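Notes follow once the structure below has been shown.
Hydrogens, waters and symmetry mates are skipped; everything else that's a heavy atom, side chains included, is used. Not measured: the values here are computed from a predicted model. For this chain, numbers begin at 1 and follow the sequence in order.
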Amino acid sequence: MTGVGLQIPTGLSFEDWERAGRQLSGIVDSSAWWLGDWLVFGKKNYSDRYQLAIRGAGLRYQTLRNYAWVARRFDLNRRRSKLTFQHHAEVASLPEEQQDWLLDQAERQLWTTKQLRNAIRDGRTGESDERALAAASARIEVPNSRVGVWRKAATCAGLDLDRWVLAMLDRAAEEILSEDVVMGI
């Protein structure tokens, strides 16, 4: 292994190749949590040098921002080791009770992130019918010129438009309410 590639020995058995894939996948998933926790710690403890360290990490600002946002939304004791970082990211904008309910369902039913996303889209969030009805009836008027741009951004983020809008609104609210708004992530 190097920073730019993986050299696989000739004659590697299928089982060993498959196991390596699972290990690599676990590293990728864990690294999102690790970077998120690293950012949260850095902001809290090194606010004066924090931005410099972020630039030195060499990752896209928005990527790091997303990692930190999800890490802040889930304390270590609420993270599910049987689910991916992306599972957690899918529910991060929801209230904790709904997050936990959906993650429980995803664990029990072995949902992929797409299945989890569909459950959220279909309104299977564990909330009461009254709360679901209130949420479904909340509407705002948006100029058509903005919807196209938002849809493109949502697609780039791998989310449907509704989930993306909710995530962005939650993120904006969190930033405004944060005492360290000026410091970034």
Side-chain angles (χ1 to χ4, degrees), residues 28-47 50-80 83-103 106 113-114 116-123 125-127 131-132 134-185:
V28 168
D29 193 59
S30 296
S31 69
W33 285 118
W34 299 336
L35 283 165
D37 292 336
W38 174 75
L39 290 160
V40 170
F41 180 89
K43 182 177 181 183
K44 182 179 177 183
N45 293 283
Y46 307 112
S47 60
Y50 177 69
Q51 292 293 334
L52 182 63
I54 289 174
R55 283 191 291 278
L59 292 172
R60 288 182 50 229
Y61 177 76
Q62 189 61 46
T63 300
L64 293 174
R65 198 178 157 89
N66 290 342
Y67 291 165
W69 182 69
V70 174
R72 272 196 306 272
R73 300 283 292 163
F74 291 94
D75 292 331
L76 284 172
N77 63 344
R78 292 189 55 239
R79 297 176 188 177
R80 315 300 172 88
L83 299 175
T84 66
F85 180 87
Q86 191 57 43
H87 280 93
H88 292 78
E90 290 294 333
V91 300
S93 64
L94 300 171
E96 276 190 26
E97 180 181 302
Q98 290 177 15
Q99 291 172 355
D100 291 336
W101 189 86
L102 282 161
L103 293 175
T113 54
K114 183 177 181 181
L116 176 58
R117 193 177 308 127
N118 289 341
I120 295 165
R121 186 195 64 225
D122 296 344
T125 60
E127 62 185 336
R131 284 175 46 196
S137 66
R139 301 282 183 251
I140 59 171
E141 287 187 37
V142 177
N144 287 338
S145 61
R146 290 188 179 152
V147 174
V149 173
W150 293 351
R151 191 173 307 282
K152 284 180 187 175
T155 300
C156 288
L159 299 171
D160 62 42
L161 181 60
D162 293 347
R163 296 274 306 133
W164 181 84
V165 168
L166 286 174
M168 293 302 106
L169 289 172
D170 285 342
R171 186 173 296 150
E174 186 177 299
E175 284 181 17
I176 288 170
L177 298 174
S178 169
E179 47 186 63
D180 294 327
V181 173
V182 178
M183 294 310 297
I185 300 172

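Here Asp37 contributes atom CG and Arg72 contributes atom CZ; the two are 11.0 Å apart, rounded to the nearest 0.5 Å. We find the OG1-CH2 distance between Thr155 and Trp150 to be 14.5 Å, quoted to the nearest 0.5 Å. Note that CG of Leu64 is 12.0 Å distant from CZ of Arg55, once rounded to the nearest 0.5 Å. Rounded to the nearest 0.5 angstrom, Gln51 CD and Lys43 NZ are separated by 9.0 Å. Rounding to the nearest 0.5 Å gives a distance of 4.5 Å between CZ of Arg171 and CG of Asn66. For the atom pair Ile120 CD1 and Gln99 CD, the distance stands at 9.5 Å (nearest 0.5 Å).
Judged by distance alone, the side chain of His87 and the main-chain N or O of Leu103 form no donor-acceptor pair under 3.5 Å. Judged by distance alone, with hydrogens and angles left aside, the side-chain atoms of Arg79 form a donor-acceptor pair with the main-chain N or O of Ala71 at under 3.5 Å. One N or O on the side chain of Arg73 and one on the backbone of Leu94 form a donor-acceptor pair closer than 3.5 Å.
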| request: Could you walk me through whether Val91 and Gln98 pass the side chain to side chain contact (heavy atoms under 4.5 Å, CB included) test, one step at a time? | output: CA-CA 8 Å; Val91 300; Gln98 290 177 15; over 6 Å; no

| task | Please report the C-alpha distance between Tyr67 and Trp38 in whole Å, then the side-chain angles of each, then the deciding distance to 0.1 Å, and finally whether the side chain to side chain contact (heavy atoms under 4.5 Å, CB included) criterion is met. | result | CA-CA 10 Å; Tyr67 291 165; Trp38 174 75; over 6 Å; no

| Pair Val40-Lys44, side chain to side chain contact (heavy atoms under 4.5 Å, CB included): steps then yes or no | CA-CA 6 Å; Val40 170; Lys44 182 179 177 183; 5.7 Å; no

| request: Kindly determine whether Ser93 and Trp69 satisfy side chain to side chain contact (heavy atoms under 4.5 Å, CB included), including the steps that lead there. | output: CA-CA 9 Å; Ser93 64; Trp69 182 69; 3.8 Å; yes

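Between Trp33 and Phe85, the ring planes are perpendicular. Angles over 60° get that label, and only those under 30° would be called parallel.
The shortest side-chain heavy-atom distance between Asp100 and Arg80 falls under the 4.5 Å cut-off.
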